[in-house]
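Note sheet for the following structure.
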Amino acid sequence: MATGRLLGTGRVNDVYEIDETWVLRRNREGWGDAVAEGVVMEHVRAHGYPVPRVRLSDSTPTELVMERLSGPTMLEACLAGSLGAEDAGATLADLLRRLHAIPGPGSADCRVLHLDLHPDNVMLTPDGPYVIDWSNTEEGHPGLDWGVSAVILAQVAVGDEPVADAARAMLAALLADPSHLTDDGLREARRRRAANPTMSRREVELLGAAEELIRTIA
């Protein structure tokens with residue numbers, strides 16, 4: 001598909017302009033299943049969850065055509081000082097609770113999991129926060145989703161980046177009600193992060209301290 005200028009780039013994806021309404025997200029490594037991802041996005045959107053619309057007929061396994069959103073990511077808003085870390089963590093918790101109220105498309109006994117919900121995957125639009133990047137989504141127990149989000153924040157919180165203190169405040173707000181976090185979910189979240197090929201060696205080394213911090217807070 002013909003695209004315009006590059007709008008953003010992540011660890012494995014690039015986002016290109018199509019027009020004022022639509023963008024194309026392309027996986028640089030040529031892997032993934034963007035169509036299946038889009039099906040899940042349409043499923044949760046049908047239940048009122050805030051995700052971009054998608055055009056499945058124009059998507060491919062490595063390219064997803066989706067609605068163009070306006071506004072900063074939650075991370076950008078925190079760095080700019082327009083959103084507090086505690087409010088960001090509380091919003092993440094609310095988004096997880098709302099998501100896990102939706103039955104999975106395959107089984108009503110399972111729930112849709114995002115498995116990568118962090119401040120750079122939430123866009124703050126004029127209509128409220130929207131969740132993007134569903135490439136890791138699957139069905140399962142909500143405890144895993146809470147574990148993944150907690151581990152992502154904790155890895156930053158125990159590191160030496162300038163945003164470490166903000167990440168710790170987000171983590172505390174995320175886990176203000178720790179009942180959603182399970183021991184099995186946390187262990188599996190750590191295992192998956194360690195096996196993630198996009199993790200740097202330093203990020204993997206921080207996982208032990210990150211889990212310890214989570215258990216201290218929760």
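We're numbering straight along the sequence, starting at 1. Reckoned from all heavy atoms, side chains included, excluding hydrogens, waters and symmetry mates. Fair warning: this is a prediction, and the values are worked out from it, not measured in the lab.
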Worksheet item: Is there a path of hydrophobic side-chain contacts, each under 4.5 Å between heavy atoms of I, L, V, M, F, W or Y residues, that connects Val148 with Leu171?
Response: no
Worksheet, complete the sentence: Result for side chain to side chain contact (heavy atoms under 4.5 Å, CB included) between Trp146 and one of Thr182, Leu117, Leu96, Val151 points to Leu96
Discussion item. Is there a path of hydrophobic side-chain contacts, each under 4.5 Å between heavy atoms, that joins Leu213 and Met199?
Written reply: yes
Fill in: Test item: Arg111 and Glu139 side chains (from C-beta on) under 4.5 Å apart, heavy atoms
no
Practice prompt. Without swapping roles, check the side chain of His43 against the backbone of Val39 for a donor-acceptor pair under 3.5 Å.
Written response: no
Worksheet item: With respect to Glu211, which candidate in Arg191, Arg190, Arg187 satisfies the salt bridge (Lys or Arg N to Asp or Glu O under 4.0 Å) definition?
Response: Arg190
Discussion item. Minimum heavy-atom separation for Thr73 and Glu76, please, with both atom names.
Written reply: N-OE1, 2.9 Å
Discussion item. Does anything in residues 150-169 form a side chain to side chain donor-acceptor pair (under 3.5 Å)? List the pairs, not counting sequence neighbours.
Written reply: Gln155-Arg193
Worksheet item: Can you pull the salt bridge (Lys or Arg N to Asp or Glu O under 4.0 Å) pairs that have at least one residue in residues 28-42, sequence neighbours excluded?
Response: Asp14-Arg28, Arg25-Glu37, Glu42-Arg45
Fill in: Connected via hydrophobic side-chain network under 4.5 Å: Leu99 and Leu124
yes
Worksheet item: Are Ile214 and Leu186 close enough that some pair of their side-chain heavy atoms sits under 4.5 Å apart?
Response: yes
Worksheet item: Roughly how far, to the nearest 0.5 Å, is CD1 of Ile217 from CG of Leu153?
Response: 9.5 Å
Worksheet entry | side chain to side chain contact (heavy atoms under 4.5 Å, CB included) evaluation trace for Arg55 with Met66 | CA-CA 6 Å; Arg55 286 197 337 222; Met66 57 185 177; over 6 Å; no
Discussion item. Which heavy atom of Leu64 sits nearest to which heavy atom of Ala34, and what is that distance?
Written reply: CD1-O, 3.5 Å
Discussion item. Determine whether a donor-acceptor pair (N or O, by modelled atom type, separation under 3.5 Å) exists between the side chain of Thr137 and the backbone of Leu113.
Written reply: yes
Discussion item. Students often mix this up, so state it plainly: with edges at 30° and 60°, are the rings of Trp134 and His114 parallel, tilted or perpendicular?
Written reply: perpendicular
Response to the item:
Residues Ala209 and Val158: closest non-hydrogen pair is O-CG1, 3.8 Å
Worksheet item: Are Val156 and Leu207 connected in the hydrophobic side-chain network, where two residues link if heavy atoms are under 4.5 Å apart?
Response: no
Worksheet item: Does Asp145 reach the main-chain N or O of Leu115 with its side chain, forming a donor-acceptor pair under 3.5 Å?
Response: yes
Worksheet item: Under 3.5 Å, is there a donor-acceptor pair between the side chain of Glu67 and the main chain of Arg53?
Response: yes
Item to complete: Please name the residue in the list Leu174, Leu92, Leu181 that meets the side chain to side chain contact (heavy atoms under 4.5 Å, CB included) test with Ser149.
Response: Leu174
Discussion item. Assess the residue pair Val44 and Val131 against the criterion (side chain to side chain contact (heavy atoms under 4.5 Å, CB included)); give the C-alpha distance rounded to whole Å, side-chain angles, the decisive distance to 0.1 Å, and a yes or no.
Written reply: CA-CA 11 Å; Val44 298; Val131 179; over 6 Å; no
Worksheet item: Mind checking whether Val51 and Leu24 sit in one hydrophobic cluster, side chains of I, L, V, M, F, W, Y counted as touching below 4.5 Å?
Response: no
Worksheet entry | For His118, ring pair (Phe, Tyr, Trp, His ring centres under 6.0 Å) partners two or more places apart | none
Discussion item. If you define the side chain from C-beta out and look only at heavy atoms, does anything of Asp116 sit under 4.5 Å from Ile152?
Written reply: yes
Fill in: Contact check, side chains of Met41 and Pro52, non-hydrogen atoms, under 4.5 Å
yes
Worksheet item: Okay, side chain of Glu203, backbone of Ser200: is any donor-acceptor separation there less than 3.5 Å?
Response: yes
Item to complete: Consider only side-chain N and O atoms of Thr198 and Asn196, and report whether a donor and an acceptor are under 3.5 Å apart.
Response: yes
Worksheet, complete the sentence: Distance col, row Asn27:CG vs Asn13:CG, nearest 0.5 angstrom, shows 5.0 Å
Worksheet item: Are side-chain N/O atoms of Ser179 and Asp177 paired as donor and acceptor at under 3.5 Å?
Response: yes
Worksheet item: Do the non-hydrogen side-chain atoms of Arg201 and Val204 ever get within less than 4.5 Å of each other?
Response: no
Fill in: SB check Asp183 Arg215 (cutoff 4.0 Å)
yes
Discussion item. A cation-pi test, strictly: NZ or CZ of Arg26 under 6.0 Å from the centre of the six-membered ring of Tyr16 and no more than 45 degrees from its axis. Yes or no?
Written reply: yes
Worksheet item: Of the non-hydrogen atoms in Gly147 and Ala189, which two are nearest, and what is the gap between them?
Response: C-CB, 3.4 Å
Fill in: Where Arg98 and Ile102 come nearest, the two heavy atoms and their spacing
O-CG1, 3.8 Å
Worksheet item: Is a donor on one side and an acceptor on the other found under 3.5 Å between the side chain of Tyr49 and the backbone of Leu95?
Response: yes
Practice prompt. Taking the side chain as every heavy atom from C-beta outward, state whether Met74 and Asp120 have any pair of such atoms under 4.5 Å apart.
Written response: no
Worksheet item: Pro126 versus Ser70: any side-chain heavy-atom pair under 4.5 Å?
Response: yes
Worksheet, complete the sentence: Heavy-atom closest pair (Ala167 atom, Ala157 atom, distance to 0.1 Å) is CB-N, 3.8 Å
Worksheet entry | Donor-acceptor contact below 3.5 Å, side chain Ser59 vs main chain Val65 | yes
Worksheet entry | Worked verdict on Val122 versus Ile132 for side chain to side chain contact (heavy atoms under 4.5 Å, CB included) | CA-CA 6 Å; Val122 179; Ile132 60 173; over 6 Å; no
Discussion item. Strictly distance-based, threshold 3.5 Å: is any side-chain N or O of Arg68 a donor or acceptor partner for the main-chain N or O of Thr21?
Written reply: no
